[in-house]
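Working notes, structure below.
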Amino acid sequence: MNYNFREIEAKWQRIWREDQTFRAAADEKRPKYYCLEMFPYPSGSGLHVGHLKNYVPTDAFCRFKSMQGYNVLHPMGWDAFGQPAENEAIRRNRNPRAMVPEYAAAYRETLVQAGCSYDWQREINSSLPEYYKWTQWMFLLLHRQGLAYRATAPINWCPACKTGLANEEVRDGRCWRCDAPVEKKPMPQWFFRITAYADRLLADLEKLDWSEGMKEMQRDWIGRSEGAEVDFAVAGSRESIRVFTTRPDTLFGATFIVLAPEHPLVPVVTSAERRSEVEAYVRKAQGESEIDRLSAERAKTGVFTGAGAVNPVNGETIPVWIADYVLMGYGTGAIMCVPGHDERDFAFARKFGLPVLQVVSRDGSCYDLQAAEPAEGIAVNSGRWSGLPTAEFTKAVTAWLQEKGLGRPTVNYRLRDWLISRQRYWGAPIPIVHCPACGEVPVPEAQLPVLLPDVENYHPTGTGESPLAAIPEFVRTVCPKCSGPARRETDTMGGYACSSWYFLRFTDPGNAKAFASRQALDYWLPVDQYTGGIEHARSHLLYARFWTKVLFDEGLLGFEEPFLNLRNQGSLLALTPGRRPRAQEEGREDEKIIDWVVLKHDEREKYPADQIIWRWARMSKSKGNVVTPEDIIGRFGADSLRVYEMFVAPFEDNVQWSEEGIQGSHRFVARAWRWLQAARPLYRQDWRDSLPAEFSPEAGYAAAPTNSIEQGAKGGPAECRVRRKLHQTLQKVGAQIESFQFNTALAAIMELLNAIYAYAPLEKESLPPASDAAIVSELAETLVLLLAPFAPHLAEESWQQLGFATTVYRAPWPAFNPAVAASDSVNVMVQVNGKIRDKVIVPLDCDEETVKAEALRSAKTRQSIEGKQVLKMIFVKNKMLSIVCK
RNA sequence: GCCGAGGUGGUGUAAUUGGUAGACACGCAAGCUUGAGGUGCUUGUGGGCAUUUGCCUGUAGGGGUUCGAGUCCCCUCCUCGGCACCA
């Protein structure tokens with residue numbers, strides 16, 4: 001009777017492991033279902049209850065799919081290469097090579113304890129040679145396709161992590177891992193040409209069943225804009241400045257040109273007398289951090305180059321300036337400025353006394369512009385195009401420019417190429433050899449993997465070189481082409497390279513001949529259900545889509561989008577101690593710390609308690625606010641924790657973690673257990689054959705006399721009511737798990753359990769003697785099946801107790817019987833002039849005349865319409881009778 | 001500023017196509033049981049008035065459509081997430 005969850009949970013975790021219950025193997029007889037969670041990177045010392053906010057519901061979903069008859073692939077692995085793991089190793093003064101397996105083991109242990117049904121035979125670790133061999137192989141594939149290239153460019157440099165970062169790894173001008181302000185540093189680096197796929201990455205979003213917010217984030221990041229390139233001849237020179245504009249209709253209003261400080265034409269066009277000032281400005285701009293440079297609402301700065309440029313539409317010469325608000329990386333790095341119709345240009349013109357000209361009008365007339373008017377309208381002051389609406393003008397002038405060879409329509413993307421080089425130790429070495437004679441030579445496939453050497457010092461050097469550069473045995477090699485002496489590339493790949501294809505490897509993790517066999521890929525992929533944090537909206541999800549498309553183009557995959565369906569779990573928030581920032585920390589542009597700083601571990605003890613400010617913050621090891629599952633599991637059991645994590649809020653929502661509610665979930669689980677124990681003596685597996693006829697709809701119970709109006713339609717005998725509730729619950733729960741509404745699915749099961757207790761309450765740990773064995777059997781058996789996705793240990797133990805020899809996850813998810821689930825009577829509301837005054841209980845699908853008659857017989861209804869004239873009645877079957885009167 | 005998601009009891013939250021607002025839990029209160037380290041059961045619990053039946057009011061605020069609005073439309077306010085000098 002006692003609910004000994006410790007014993008039960010340990011027992012089933014052992015059986016699942018020994019029997020390999022969740023092992024997935026290709027099986028043509030069953031439809032496959034690939035359900036995947038984003039694999040975690042090992043940082044901090046373990047998984048916390050926040051991680052389980054994703055893993056537990058997704059696990060319930062997998063168990064449900066398995067009961068539905070799907071051949072479920074549910075794998076887990078470790079995103080073990082990259083900065084998070086390496087930073088953690090440095091912090092703990094451990095070698096990542098030794099640390100990562102320990103962390104992985106601890107993570108695995110926690111997931112096992114939480115009762116998650118992974119196929120551990122397929123566990124992968126991206127930092128092992130058998131895995132990163134194929135990461136390197138894919139690099140070479142990209143290289144062969146011209147999609148991996150080396151270039152010297154100003155990159156995002158994190159001075160704290162001492163490495164380059166991709167744009168996607170920079171948040172608010174800060175490093176994604178350590179929050180240090182990012183600098184610009186020109187360096188030779190490896191890039192992946194993701195921009196070549198910008199249009200497809202954008203267009204194929206339409207095919208995906210992702211949240212609108214998620215798709216919008218990707219659209220924003222790709223940032224497509226249509227416009228035109230226009231060439232402005234530099235006065236007195238053969239050079240011309242190419243600008244990109246989305247508003248070629250405002251060409252007549254261009255009163256100056258601005259180049260980005262890094263623009264190659266700057267030194268060329270600058271006049272001798274302006275040179276020193278221009279050079280000083282360029283130097284200053286280079287030294288500025290991304291944060292400074294990108295902070296909005298910042299006063300405009302810039303200098304005049306002394307040059308002039310000729311506007312192709314009217315032949316007028318306008319001055320050429322440089323300013324840091326123009327970015328070299330976007331468009332052509334040069335803009336034509338139309339202060340009349342662009343706010344930034346307006347601010348710049350005001351500051352430097354440049355002319356403002358109106359060329360677009362709301363109504364076709366000219367008026368004084370008090371501010372920039374960026375809206376579309378009717379062209380004015382635009383020569384022969386005056387009077388045209390914006391859209392037409394844009395078309396006409398673009399065509400004219402193209403004809404004259406002065407411009408052309410263009411599409412621009414905000415997306416930049418993906419910087420993959422890291423000057424760090426803990427990553428997959430880039431498989432390239434630099435040969436003085438042959439240049440850049442890819443390592444032949446047969447020589448893969450290029451092993452990451454085991455070293456003493458793996459710390460970043462800070463010189464801009466990878467620690468690998470300091471290992472002569474690694475660097476010195478021979479050229480695969482000419483066999484002459486050569487040196488290896490010493491940069492490693494950023495962690496996102498590993499996570500861009502891991503979902504492929506899970507289908508065939510042991511394959512030594514290919515990243516996965518085509519057969520396995522074709523059978524399992526694409527991923528049917530993907531879950532993970534929204535923080536990967538731009539980075540990982542964009543990269544993985546890009547690699548998939550590359551592999552598809554190469555003919556290696558039969559699909560173009562890896563994750564058809566994506567759901568983002570909400571986070572758990574924990575009450576976190578913080579403090580007001582100190583004087584030297586104030587005034588920073590970063591809003592996140594403007595009035596609150598998380599107290600560091602060592603500060604927490606010393607800080608005066610009355611000055612601590614508590615706030616809800618996302619659980620993370622770095623904030624020191626995590627709750628570990630082991631503790632909760634020890635006190636309440638894994639099944640209770642699972643139920644709580646799913647019941648507390650919708651999957652997608654953030655939740656403020658509190659332990660108050662877990663008691664309620666535990667109460668529910670234990671209550672189910674107690675009833676099932678009491679039901680055992682009555683249980684018989686052949687209950688279907690012995691179900692009393694009067695309790696089944698086939699025997700016509702729906703027409704029983706209790707159903708009539710006269711009887712007040714209590715809904716039939718108790719047996720019928722509890723069966724109805726059971727089958728209604730089945731219908732609800734199935735649909736709700738399918739749509740990831742675990743919280744309401746659990747609420748429905750709780751309702752059912754309440755109904756079961758009302759039908760057969762426990763008396764001294766047993767059921768009432770008069771209980772019908774067949775009904776009790778149906779209730780017990782079905783309850784176990786309903787609970788199986790949520791409380792798996794309890795379900796397996798109960799299933800075994802009922803006499804079943806095989807796992808409950810091979811049992812079919814119970815089908816609901818619509819005839820049993822159907823209500824025999826309904827409440828029909830009686831509304832008088834829009835207010836509910838009464839209700840009548842009538843048989844299901846009762847016709848209008850009967851309901852009317854029934855309603856008018858009721859004293860309450862008659863009282864409400866007394867002395868009034870009934871104008872009309874509106875009848876909605878099974879729902880409402882609305883009486884309008886005066 | 002732009003884009004996206006939201007705003008419902010003391011709390012977490014629930015309400016197919018507009019049709020009984022607050023299911024299910026937490027908390028709280030009372031009672032019974034148990035026994036006394038988070039036990040179980042029953043009842044009550046949006047607000048106000050009346051307390052036997054009842055009446056009024058209520059889903060951020062304001063307007064609208066409708067027999068009927070948490071749900072649809074318009075405006076305002078607020079919260080969260082993302083983007084932001086992108087030409």
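All heavy atoms count here, side chains included; hydrogens, waters and symmetry mates do not. Each chain gets a letter, A, B and so on, in the order the sequences are listed, and its residues count up from 1.
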Glycosidic conformation of B:rG9, taking syn as within 90° of 0 and anti otherwise = syn

query = Where the side chain of A:Asn754 is concerned, which of B:rA25, B:rG19, B:rG4 is the nearest nucleotide?
reply = B:rA25

ask   = OP1 or OP2 of B:rG82 sitting under 4.0 Å from any side-chain N/O of A:Lys215?
value = no

inquiry  = Checking contacts here: which listed nucleotide (B:rA87, B:rC67, B:rG38) is nearest the side-chain heavy atoms of A:Gln663?
reply    = B:rG38

ask   = Looking at the side chain of A:Trp221, which of B:rA87, B:rU13, B:rA84 is the nearest nucleotide?
value = B:rA84

remark   = Winner on side-chain proximity to A:Glu660, out of B:rG38, B:rA14, B:rG27, is B:rG27

inquiry  = Which nucleotide wins on minimum distance to the side chain of A:Asp220, given the candidates B:rU13, B:rG82, B:rG19?
reply    = B:rG82

Geometric cation-pi criterion, A:Lys852 with A:Phe875: 6.0 Å, 45° = no

ask   = Which nucleotide, B:rC67, B:rU20, B:rA25, lies nearest any side-chain atom of A:Ile836?
value = B:rU20

query = For A:Tyr3 and B:rG40, what is the distance between atoms OH and C1' respectively, to the nearest whole Å?
reply = 17 Å

query = Which of the following nucleotides, B:rC41, B:rG68, B:rC83, is nearest to the side chain of A:Arg538?
reply = B:rC83

request  = Inspect the surroundings of NZ in A:Lys877 and state if more than 12 heavy atoms from other residues, nucleotides or ligands are less than 6.0 Å away.
outcome  = no

task = Consider the side chain of A:Ala747, meaning its heavy atoms from C-beta on, and name the nucleotide among B:rA15, B:rC24, B:rU57 that approaches it most closely.
result = B:rC24

task = Could you tell me the separation between the CZ atom of A:Phe647 and the C1' atom of B:rA14, rounded to a whole number of Å?
result = 10 Å

ask   = Taking the P atom of each, how far is B:rC24 from B:rU42, in whole Å?
value = 13 Å

task = Round to a whole Å and report the spacing from CZ of A:Arg667 to C1' of B:rC26.
result = 8 Å

request  = Please confirm whether any donor atom in the side chain of A:Lys835 sits under 3.5 Å from an acceptor in the base of B:rU20, or the reverse.
outcome  = no

key: is_close_aromatic(A:Tyr325, A:Phe348), centroid dist under 6.0 Å   = yes

key: Closest listed nucleotide, where the reference is the side chain of A:Pro650 and the choices are B:rU13, B:rG68, B:rC24   = B:rU13

Identity of whatever pairs with B:rG68 - Watson-Crick or G-U, under 3.5 angstrom = none

ask   = When only distance counts, do a donor and an acceptor, one from the side chain of A:Asn743 and one from the base of B:rU13, lie under 3.5 Å apart?
value = no

From B:rC24, B:rU20, B:rC67, nucleotide with atom closest to A:Val884 side chain = B:rC67

inquiry  = Please confirm whether the shortest side-chain N or O distance from A:Arg242 to OP1 or OP2 of B:rA87 is below 4.0 Å.
reply    = no

Value in whole Å for how far the P atom of B:rA5 lies from CZ of A:Phe651 = 19 Å

ask   = Per the atom types in the model, does the base of B:rG12 pair as donor or acceptor with the side chain of A:Gln656 at under 3.5 Å?
value = no

message = Please confirm whether the ring centroid of A:Phe636 lies under 6.0 Å from the ring centroid of A:Tyr644.
response = no

remark   = Whole-Å distance, A:Lys732 NZ to B:rA15 C1', equals 10 Å

message = Tell me if the aromatic rings of A:Phe5 and A:Trp673 count as close, with their centers under 6.0 Å from one another.
response = no

ask   = Hey, does the side chain of A:Arg671 come within less than 4.0 Å of B:rC41's phosphate (OP1/OP2), counting only N and O?
value = yes

task = Classify the ring geometry between A:Phe740 and A:Phe651 as parallel (under 30°), tilted (30 to 60°) or perpendicular (over 60°).
result = perpendicular

key: Any A:Lys839 side-chain N or O less than 4.0 Å from OP1/OP2 of B:rU20   = no

